[in-house]
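Every chain is numbered from 1, with letters handed out A, B, ... down the list of sequences.
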There are 2 protein chains.
Amino acid sequence: MNDSLTFLEEPEDTREEILKATYEAFCEHGYSGITIQRISDKFPKSKSLLYHHYDGKDDLLLEFLEFMLDQTEEQLPLQTGDGADVHIELVVDAMFSSGSMVDNVNFSRAMVELRAQAAHDEQYREYFSRTDRFTSKHVEHIIRSGIEQGVFQNVDPSETAALFQVMFVGTTTQQVTSNESIFEDCRAEFERYVETCLIDSKEE
Amino acid sequence: MNDSLTFLEEPEDTREEILKATYEAFCEHGYSGITIQRISDKFPKSKSLLYHHYDGKDDLLLEFLEFMLDQTEEQLPLQTGDGADVHIELVVDAMFSSGSMVDNVNFSRAMVELRAQAAHDEQYREYFSRTDRFTSKHVEHIIRSGIEQGVFQNVDPSETAALFQVMFVGTTTQQVTSNESIFEDCRAEFERYVETCLIDSKEE
DNA sequence: AAAAGAAGATTGAATAGTCAGTCAACACAG
DNA sequence: CTGTGTTGACTGACTATTCAATCTTCTTTT
């Protein structure tokens with residue numbers, strides 16, 4: 001199992017080293033098993049040093065969350081030279097490629113556990129709200145483009161983006177919290193939805 | 001805020017009293033804030049009594065999970081006298097009525113937090129797998145009926161059920177972990193999907 | 001029907017362990 | 001010699017769990 005986030009292969013300063021260690025501890029123990037001790041086990045320097053670079057556990061975890069959400073946003077497929085229909089297919093790919101967005105399932109696990117905290121932590125909820133809005137708007141924009149380009153039907157971009165957003169969360173969560181591999185079936189049906197309800201099969 | 005599960009309004013024995021207290025502690029503190037102390041704060045008898053009725057914290061939480069999953073399964077809309085198209089609409093209702101399935105959002109919060117544990121706990125994952133399979137098969141059966149009745153298109157029941165399952169997880173999670181109220185938009189689009197991709201608009 | 005007893009329910013106090021966070025001291029670069 | 005990064009030992013609060021002792025309820029014996 002590869003616990004390393006490619007982006008953190010070579011952390012540049014101590015703060016990044018600490019974030020990397022936090023990620024590794026997350027992968028191994030999960031949110032409920034995270035302790036300062038275990039984070040410091042994953043990084044070569046001393047435990048007390050964490051308190052020199054961060055105000056405390058809460059501060060560190062919040063910065064870690066911020067970092068993870070940044071990664072999430074960066075993994076969204078950027079505009080290609082091609083049309084919106086190609087672009088949206090990339091998004092669907094990202095949604096179903098090994099969980100969601102990132103090549104290893106560890107990232108998804110961490111995100112699911114972090115997101116669950118948002119149920120009782122207002123600050124976490126605000127962070128996730130921000131990223132959710134970002135991805136929604138991103139998809140919304142693709143759809144708007146597609147309609148203008150004439151490759152999509154005249155759907156409500158906001159509503160369609162909302163469905164995409166929920167599917168993102170749903171697939172990620174489902175994949176790491178259940179052994180049933182509904183995944184391929186779900187993908188097939190979602191592709192059918194995109195073909196039928198979104199793509200404009202023009203017969204000029 | 002109403003922390004009580006209707007089913008536990010009047011717990012019959014001490015074990016149920018403890019489960020009720022666990023639910024209340026869950027609502028107030030969330031999974032990561034659950035302690036034996038806080039559970040016992042929510043119930044009138046002594047803390048040590050917990051250990052008389054359960055082997056320990058893990059045992060208690062596992063039984064609590066089992067109880068919550070039972071509730072989840074019981075909230076699935078049963079077959080009505082009407083056709084599958086009416087039946088599936090009830091399922092969609094359940095999916096979008098105040099989170100999912102149960103009338104208060106507390107239940108959803110608890111479920112989301114419990115489910116997140118499944119990312120690192122094999123036993124939790126097995127429990128959720130079982131319930132996920134149950135709901136999937138339930139939806140699959142409705143769809144199969146609908147096809148036979150001629151009210152649904154000739155879709156793949158397994159694939160469609162898979163999408164429903166992921167939507168269930170997605171809506172529940174999204175609602176309690178984000179302030180963005182994507183909810184109504186998502187519902188509108190999902191209804192559109194059902195109308196377009198599932199219902200057979202017969203024009204005999 | 002009264003005394004004795006068994007079984008389970010309940011309690012308060014005690015124990016052992018873990019956790020986040022602190023602090024005084026050390027290293028060493030400028 | 002001053003400031004920044006670093007360390008290991010320490011602490012106090014909190015945690016799960018145990019245990020001996022009591023209380024309650026029902027059963028059995030006389």
Side-chain angles (χ1 to χ4, degrees), chain A residues 8 10-68 110 113-114 116-117 120-124, chain B residues 8 10-68 110 113-114 116-117 120-124:
Chain A
L8 284 180
E10 291 308 328
E12 296 196 338
D13 58 357
T14 308
R15 281 178 73 95
E16 275 192 14
E17 254 186 309
I18 294 176
L19 288 182
K20 179 171 184 255
T22 306
Y23 180 70
E24 288 171 19
F26 242 95
C27 291
E28 190 164 328
H29 306 285
Y31 185 94
S32 65
I34 275 285
T35 69
I36 292 287
Q37 183 59 54
R38 282 171 169 170
I39 291 172
S40 89
D41 285 348
K42 295 290 175 188
F43 110 112
K45 300 176 184 171
S46 153
K47 181 179 77 161
S48 347
L49 194 54
L50 300 185
Y51 291 94
H52 190 258
H53 290 282
Y54 295 95
D55 287 346
K57 195 192 183 190
D58 289 352
D59 181 46
L60 169 56
L61 287 186
L62 217 56
E63 184 125 342
F64 178 67
L65 172 62
E66 218 170 342
F67 167 77
M68 294 288 281
E113 293 184 278
L114 284 168
Q117 301 310 311
H120 275 87
D121 187 315
E122 174 60 27
Q123 213 162 1
Y124 274 49
Chain B
L8 284 180
E10 292 307 329
E12 296 196 339
D13 57 357
T14 307
R15 281 178 73 96
E16 274 191 14
E17 254 186 308
I18 294 175
L19 288 182
K20 178 170 184 255
T22 306
Y23 181 69
E24 287 171 19
F26 243 94
C27 291
E28 191 165 327
H29 306 285
Y31 185 94
S32 65
I34 273 289
T35 69
I36 292 288
Q37 183 60 52
R38 282 172 169 169
I39 292 173
S40 89
D41 286 348
K42 295 291 174 187
F43 110 113
K45 300 175 185 174
S46 157
K47 183 176 69 162
S48 352
L49 193 55
L50 300 186
Y51 291 92
H52 188 259
H53 290 284
Y54 295 94
D55 286 346
K57 196 191 183 189
D58 290 351
D59 181 46
L60 169 56
L61 287 187
L62 217 56
E63 184 124 341
F64 178 66
L65 171 62
E66 218 170 341
F67 168 77
M68 294 288 281
E113 293 184 278
L114 284 168
Q117 302 308 312
H120 276 86
D121 187 314
E122 174 60 27
Q123 212 162 2
Y124 273 49

**OP:** Give the rounded distance in Å between these two atoms: OH of B:Tyr54 and P of D:dT18.
**Re:** 17 Å
Original post:
How long is the line joining CG of B:Asp41 and P of D:dC14, in whole Å?
Top reply: 13 Å
**OP:** Check every atom of D:dT18, C:dT10, C:dG21 against the side chain of B:Tyr51 and return the nucleotide holding the closest atom.
**Re:** D:dT18
Original post:
To the nearest Å, how far apart are B:Gln37 CD and C:dT11 C1'?
Top reply: 14 Å
**OP:** May I ask you to say what A:Ile36 touches in the nucleic acid, namely base, sugar-phosphate or nothing, with a heavy-atom cut-off under 4.0 Å?
**Re:** sugar-phosphate
Subject >> Upstream residue (5' side of DNA chain C) when A:Gly56 and B:Ser46 are each assigned their closest nucleotide >> reply: B:Ser46
Original post:
Mind checking whether A:Tyr23 and A:Lys42 have side chains closer than 4.5 Å, heavy atoms only?
Top reply: no
Original post:
B:Thr35 or A:His53: which one's nearest nucleotide on DNA chain D is closer to the 5' end?
Top reply: A:His53
**OP:** Could you please name the option among D:dG5, C:dT10, D:dA16 that lies closest to any side-chain atom of A:His52?
**Re:** D:dG5
Original post:
Nearest-Å distance, CG (A:Leu50) to P (C:dC19)?
Top reply: 14 Å
Subject >> Minimum-distance nucleotide to A:Leu49 side chain [options: D:dT6, C:dA20, D:dA16] >> reply: D:dT6
Subject >> Closest listed nucleotide, where the reference is the side chain of B:Lys47 and the choices are C:dT22, D:dT17, D:dG5 >> reply: D:dT17
Subject >> Rounded distance (Å) that lies between atom C1' of D:dT6 and atom CG of A:Asp13 >> reply: 15 Å
**OP:** Please state how far atom NE2 in A:His29 lies from atom C1' in C:dC19, giving the value in whole angstrom units.
**Re:** 14 Å
Subject >> Non-hydrogen side-chain atoms of B:Phe64 and B:Phe26 separated by less than 4.5 Å >> reply: yes
Original post:
What distance separates A:Glu16 CD from A:Ile18 CD1, expressed to the nearest 0.5 Å?
Top reply: 11.0 Å
**OP:** Would you please confirm or rule out a distance under 4.0 Å between OP1 or OP2 of C:dA13 and any side-chain N or O of B:Ser48?
**Re:** no
Original post:
Between D:dC14 atom C1' and B:Lys57 atom NZ, what is the distance in whole Å?
Top reply: 12 Å
**OP:** Please report, rounded to the nearest Å, how far the P atom of D:dC14 is from the CD1 atom of B:Ile39.
**Re:** 18 Å
Original post:
Got more than 12 heavy atoms from elsewhere within 6.0 Å of CG, B:Asp41?
Top reply: yes
Original post:
Heavy atoms, side chains only, cut-off 4.5 Å: are B:Asp58 and B:Leu62 in contact?
Top reply: no
Subject >> A:Thr14 side-chain N/O to D:dT6 phosphate OP1/OP2 under 4.0 Å >> reply: yes
